[in-house]
Amino acid sequence: MNKRLWAALLTAAVTMTSTAVVPYNQVENVIAATTKKPTTAEVVDTSTDGRVTALGYTFRINGSEAIITGYNGTATALSIPTKISVKQPTTNTTGSSVSASGSNKDKDKDKENTIDYNVTAIENNAFSGHLGIKTVAMTGGTDANGKTFGIRTIGERAFFACQDMTSLTIAPTTTAIGDYAFSDCVALNSIKVTDGNQRYKVIEGSLYYYTTGSGTGGYILKQYPLGNNGKEYKVPDSISTTLTEIGEGAFWGSQHLEKVTLSSTVKKIGPRAFSECRKLTAITMPDGVTSIGREAFQGDHALAEVTIPLGITTIDNAVFQDCSALKKVNMSDQVKTISSRAFQGCKGMEEFVVPSGVTTIGDQAFAQCTGLKQITIPMKTTSIGSQAFAGTTATILCHNGSQAAVYAANNGLSLERTYTVGFYTNSSYASPISEQEVVEGKDAVPPEVEGREGYEMSWSGEYTAIKQDTRVYQVWKKLFDVTFVDNFNGRTEVVKVGEGNKVEPPEWTMSGYSLSWDTDLSDEIYENITVQAVWHNNSNGSVIDTDVVKPEKKGTELEKGDNKYKVTSAKAQNPTVKLTGLADANANVVKVPETVSIGGVRYKVTSVSANAVNGNANISKVIINKNVTSISAKAFYNCPKLKKIKLKAKNITKISKRAFSNIHPKAAFYTYDSQIGKYKTMLKSSGVKKPKVKRL
């Protein structure tokens with residue numbers, strides 16, 4: 001049925017039942033002012049018949065107070081009256097009614113015949129389903145005599161399904177609002193509470209109730225502004241540690257909400273709290289939730305997956321009814337009851353595993369789940385309600401002899417055999433962690449269990465390819481650290497190993513080498529140990545000592561003392577560098593050493609790079625030691641003070657052009673007798689016209 005048509009019919013029904021005639025001696029009538037009043041001023045309406053006010057409110061009397069029971073007017077902006085003045089008819093000596101005249105005497109008599117009643121409440125269903133009302137304001141405060149006036153109580157469903165209402169103002173005097181008072185008011189986007197209210201507060205647009213006093217104790221979310229176009233609700237930071245409950249129908253009918261995140265303090269979700277939230281796709285509920293009310297998520301067509309908090313033991317009536325996209329429901333074994341119609345009409349659901357602790361499945365619990373192909377029901381389920389699977393073609397997976405097997409046979413449902421696999425804390429089998437029904441030949445899925453610091457857990461037996469009822473229990477082994485160290489490559493890996501088990505080493509590789517370990521890894525582990533990597537050269541079988549450090553990568557620039565170097569070979573057995581320059585430009589002696597130790601690696605110095613000391617005006621002496629095999633172009637070019645060069649290296653094969661050009665004119669080279677002729681020729685070729693080569 002069309003929602004607006006349904007709301008109109010509801011209005012008519014409520015009006016007819018709320019306009020009963022009240023005796024004049026018990027009645028007071030209020031007429032709301034046509035202009036908006038300040039919240040501290042009384043809003044007065046009048047009545048001449050004791051049933052309906054001038055502006056169309058129906059009411060009843062309780063002592064000196066009036067209670068609004070309905071509304072027959074046509075106004076779109078309502079200011080709820082705080083006082084109703086009921087005028088009683090005057091009579092003549094014959095007992096016939098006399099109308100009031102315009103004389104002062106008659107007016108005084110009229111005043112004497114008027115009784116004032118304070119409006120303190122709006123009755124259940126008073127405005128329910130009333131279309132056309134756009135704004136509602138309730139006022140209150142203290143009058144000139146110091147007496148409090150204003151609405152104290154708003155009844156259940158008082159404004160339910162007022163689908164055109166966009167704005168609501170609650171009086172400072174209101175201390176009680178009934179369930180569903182503003183539910184399904186889909187256009188409502190502004191809720192205000194007048195300052196001074198000691199029980200209600202608006203935080204980030206939503207209406208909350210204090211459970212004790214102003215700003216203290218816990219909070220209950222009473223009403224979310226359903227007309228709000230926001231896609232996500234998250235508990236405001238200011239009450240993230242004090243919100244305890246989502247009230248009945250708080251989000252019922254939200255048109256835009258897609259995601260809800262509740263804080264850890266929430267304990268209860270009320271009936272129909274999220275009903276008809278048609279775009280809701282995700283809700284995060286904390287494990288502290290112990291109650292989810294009936295029909296809480298009914299009609300949430302976009303919700304595909306939900307996780308039931310650990311504290312829930314009952315899936316209440318119709319909680320997920322008509323959640324047509326729902327495919328996956330995560331539940332713990334703490335759930336004991338799946339109530340009537342809990343998942344009725346969940347057409348997207350294909351498989352369902354009833355938790356092992358469930359004893360009762362209610363009437364029509366899975367009825368019209370047209371996509372359901374199979375449902376696993378545990379041995380503990382002893383009660384299955386009428387038409388629980390009506391409208392489905394699901395195969396029931398259950399234990400032979402179980403109530404589910406009997407139910408399937410009696411209702412013409414397909415059946416497949418299962419066995420019970422139990423997971424326990426110890427070998428006494430007294431404390432089950434979980435039990436599950438597993439189809440014959442299939443594997444059980446072990447439960448997630450909390451670990452213990454310093455221990456490794458395994459199960460006492462196999463739980464795969466199940467062919468009989470099976471029980472396994474936890475086995476805890478102390479964990480030891482096996483530390484694998486590769487000093488040469490600068491890496492370490494720690495492997496946790498259970499007591500008495502063997503360790504699997506890391507799969508490290510290095511080009512040109514094979515890996516072994518300095519410890520026998522075939523032994524079982526009973527203590528913390530350290531294992532060193534041993535690298536074997538594949539070409540010559542040589543071994544790199546475990547304490548040797550790996551050279552830097554080729555091309556890496558290094559520095560030691562007065563000299564700068566660059567790595568020319570990073571081979572583990574023969575790392576080399578070349579001299580590239582001076583770290584100290586003011587040095588007057590250049591020493592090219594045989595080797596240089598940097599970062600724990602000893603490198604051979606095998607060459608001098610081009611332009612290494614080019615243009616240095618300070619150096620006067622160069623000593624080139626035995627491992628150098630080449631001196632590149634302009635290495636010592638244009639060093640005017642360079643006068644003495646010692647060539648201690650015997651294996652220099654190349655001195656490039658201008659390596660020693662433009663140095664001191666009386667410069668002399670010194671080398672061994674056996675190298676004098678060879679180096680003299682090489683120096684001439686490099687550009688030294690008449691090299692002086694002397695015996696070292």
Side-chain angles (χ1 to χ4, degrees), residues 551 554-571 573-598 602-696:
K554 185 177 180 179
T556 302
E557 294 181 351
L558 305 173
E559 188 173 311
K560 183 69 177 287
D562 292 339
N563 296 344
K564 293 180 180 181
Y565 303 95
K566 182 177 287 188
V567 177
T568 53
S569 172
K571 292 182 179 180
Q573 297 301 310
N574 187 30
T576 62
V577 295
K578 64 181 177 181
L579 178 75
T580 60
L582 297 179
D584 182 5
N586 295 317
N588 54 23
V589 177
V590 177
K591 294 181 180 180
V592 183
E594 296 176 19
T595 61
V596 60
S597 293
I598 303 175
R602 182 173 293 278
Y603 300 88
K604 286 183 179 180
V605 184
T606 59
S607 63
V608 180
S609 67
N611 298 296
V613 198
N614 187 339
N616 190 296
N618 296 311
I619 65 168
S620 60
K621 184 178 181 180
V622 171
I623 302 171
I624 298 176
N625 279 289
K626 69 176 184 178
N627 288 325
V628 173
T629 60
S630 66
I631 302 171
S632 298
K634 294 187 177 181
F636 300 95
Y637 179 76
N638 199 24
C639 295
K641 290 185 179 181
L642 181 55
K643 194 173 182 180
K644 190 173 185 178
I645 303 98
K646 290 185 178 182
L647 301 175
K648 292 185 175 182
K650 294 181 179 181
N651 296 307
I652 297 175
T653 59
K654 186 176 183 180
I655 300 176
S656 297
K657 289 184 178 181
R658 298 188 179 184
F660 293 97
S661 296
N662 279 15
I663 61 175
H664 195 281
K666 295 183 179 181
F669 297 85
Y670 297 84
T671 189
Y672 301 103
D673 282 344
S674 60
Q675 306 299 321
I676 290 177
K678 173 184 172 183
Y679 288 167
K680 194 170 187 177
T681 301
M682 294 175 68
L683 287 167
K684 283 184 179 180
S685 297
S686 71
V688 180
K689 293 182 179 179
K690 295 180 179 180
K692 297 177 182 179
V693 183
K694 300 180 179 182
R695 185 177 67 180
L696 188 61

Please round to the nearest 0.5 Å and tell me the distance separating atom [atom1] of [X] and atom [atom2] of [Y].
X: Ile645; Y: Phe636; atom1: CD1; atom2: CZ; answer: 8.5 Å
X: Ser607; Y: Lys566; atom1: OG; atom2: NZ; answer: 11.0 Å
X: Asp562; Y: Lys591; atom1: CG; atom2: NZ; answer: 9.0 Å
X: Glu559; Y: Tyr565; atom1: CD; atom2: OH; answer: 10.0 Å
X: Thr595; Y: Arg602; atom1: OG1; atom2: CZ; answer: 4.0 Å

Determine, stepwise, if the pair Thr576 / Val567 fulfils side-chain contact (heavy atoms from CB on, under 4.5 Å).
CA-CA 6 Å; Thr576 62; Val567 177; over 6 Å; no
Check whether [X] reaches the backbone of [Y] with its side chain - one donor and one acceptor, N or O, closer than 3.5 Å.
X: Thr580; Y: Ser609; value: no
X: Lys650; Y: Gln675; value: no
X: Asp673; Y: Arg695; value: no

Given Val577, Leu582, Val605, the one that forms side chain to side chain contact (heavy atoms under 4.5 Å, CB included) with Asn563:
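The passing option is Leu582.
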Show the atom names and distances, to 0.1 Å, of all donor-acceptor pairs under 3.5 Å that link a side chain in residues 617-635 to residues at least two apart or in another chain.
| from | atom 1 | to | atom 2 | distance (Å) |
| --- | --- | --- | --- | --- |
| Asn618 | ND2 | Ala585 | O | 3.1 |
| Ser620 | OG | Asn588 | O | 3.4 |
| Asn625 | ND2 | Val592 | O | 3.0 |
| Asn627 | ND2 | Glu594 | O | 2.9 |
| Thr629 | OG1 | Thr606 | O | 3.2 |
| Ser632 | OG | Val608 | O | 3.2 |

For Pro691, check side-chain contact (heavy atoms from CB on, under 4.5 Å) against everything at least two apart and list the hits.
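Testing Pro691 for side-chain contact (heavy atoms from CB on, under 4.5 Å), a comparison that skips the adjacent residues, returns Lys680, Leu683, Lys684, Val688, Val693.
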For residues 655-671, tabulate all N or O donor-acceptor pairs below 3.5 Å that involve a side-chain atom, not counting sequence neighbours.
| from | atom 1 | to | atom 2 | distance (Å) |
| --- | --- | --- | --- | --- |
| His664 | ND1 | Lys666 | N | 3.0 |
| Thr671 | OG1 | Leu647 | O | 3.0 |

Does a sphere of radius 6.0 Å around NZ in Lys554 hold more than 12 heavy atoms from other residues, nucleotides or ligands, not counting ones at 6.0 Å or beyond?
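No, not enclosed.
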Please name the pair of heavy atoms, one in Lys694 and one in Ile676, separated by the smallest distance, quoted to 0.1 Å.
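Smallest interatomic distance, heavy atoms only, reads C-CD1, 4.1 Å.
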